[in-house]
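Here is the structure we will look at, set down as structure tokens.
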Amino acid sequence: MNDVDPKQPLIHFLFVEQALRMLKDEGYFLALVPNHLFADDQGHAFHDFLQKKATILALIQLPVSLFLRADQAKSILLMQKKTDIQDHAKQALLAEMPDFSNEVKMRKFMQQLDHWFLHRSV
């Protein structure tokens, strides 16, 4: 049985929207969001809103093994509220964090994260 509330994606969209509206210009937004947040945006209204109001700095998918069910998996979303003079030409970090038990992949992920931080003024 699927016990996911069909209204739940709307709640996440509204949460992000309200948080961005309350941020000061160039303020940062950091949150855990469902992995399916952008897939649930069927009409692309949420995506269009984000393009106008914010710059996505990072989206890091947490290991699914951290959650009881795959449909409960979350990602870390880092954004910055846009201003008229803001320049964000640098690449956003889009990554999938490996399982913590996989030391080789985790080291590679941490190197990717270090490299991103070195080349970004966040």
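Not measured: the values here are computed from a predicted model. Values below: every heavy atom of this structure, side chains too, minus hydrogens, waters and symmetry copies.
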Please report the shortest heavy-atom distance between [X] and [Y], naming the atom on each side.
X: K52; Y: K82; answer: O-CD, 3.7 Å
X: P63; Y: P98; answer: CG-O, 3.1 Å
X: F100; Y: M106; answer: CD2-CE, 3.1 Å
X: W116; Y: A92; answer: NE1-C, 3.9 Å

Is the number of heavy atoms from other residues, nucleotides or ligands under 6.0 Å of K74 NZ greater than 12?
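Enclosed: over 12 neighbouring heavy atoms sit under 6.0 Å from NZ of K74.
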Without swapping roles, check the side chain of [X] against the backbone of [Y] for a donor-acceptor pair under 3.5 Å.
X: N102; Y: K105; result: yes
X: H119; Y: H115; result: yes
X: Q80; Y: G27; result: no

Between [X] and [Y], is any pair of side-chain heavy atoms under 4.5 Å apart?
X: L20; Y: M79; result: yes
X: K81; Y: F29; result: no
X: I60; Y: L77; result: no
X: F13; Y: L37; result: yes
X: N35; Y: F67; result: no
X: L59; Y: I76; result: no
X: L57; Y: Y28; result: yes

Value rounded to 0.5 Å, distance of [atom1] in [X] from [atom2] in [Y]:
X: S75; Y: L32; atom1: OG; atom2: CG; answer: 8.5 Å
X: D99; Y: L66; atom1: CG; atom2: CG; answer: 7.5 Å
X: L94; Y: Q112; atom1: CG; atom2: CD; answer: 9.0 Å
X: R21; Y: L14; atom1: CZ; atom2: CG; answer: 10.0 Å
X: D114; Y: R107; atom1: CG; atom2: CZ; answer: 12.0 Å

Under the criterion side-chain contact (heavy atoms from CB on, under 4.5 Å), I'd like the reasoning laid out for L78 against I56: C-alpha separation, chi angles, the key distance, then a yes or no.
CA-CA 6 Å; L78 175 62; I56 295 177; over 6 Å; no
Once the angle between the rings of F46 and F38 is folded into 0 to 90°, is it parallel (under 30°), tilted (30 to 60°) or perpendicular (over 60°)?
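F46 and F38: tilted rings.
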Using the six-membered ring wherever Trp is involved, compare the ring planes of H44 and H47 and label them parallel, tilted or perpendicular (cut-offs 30° and 60°).
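Because their plane-to-plane angle is over 60°, the rings of H44 and H47 count as perpendicular.
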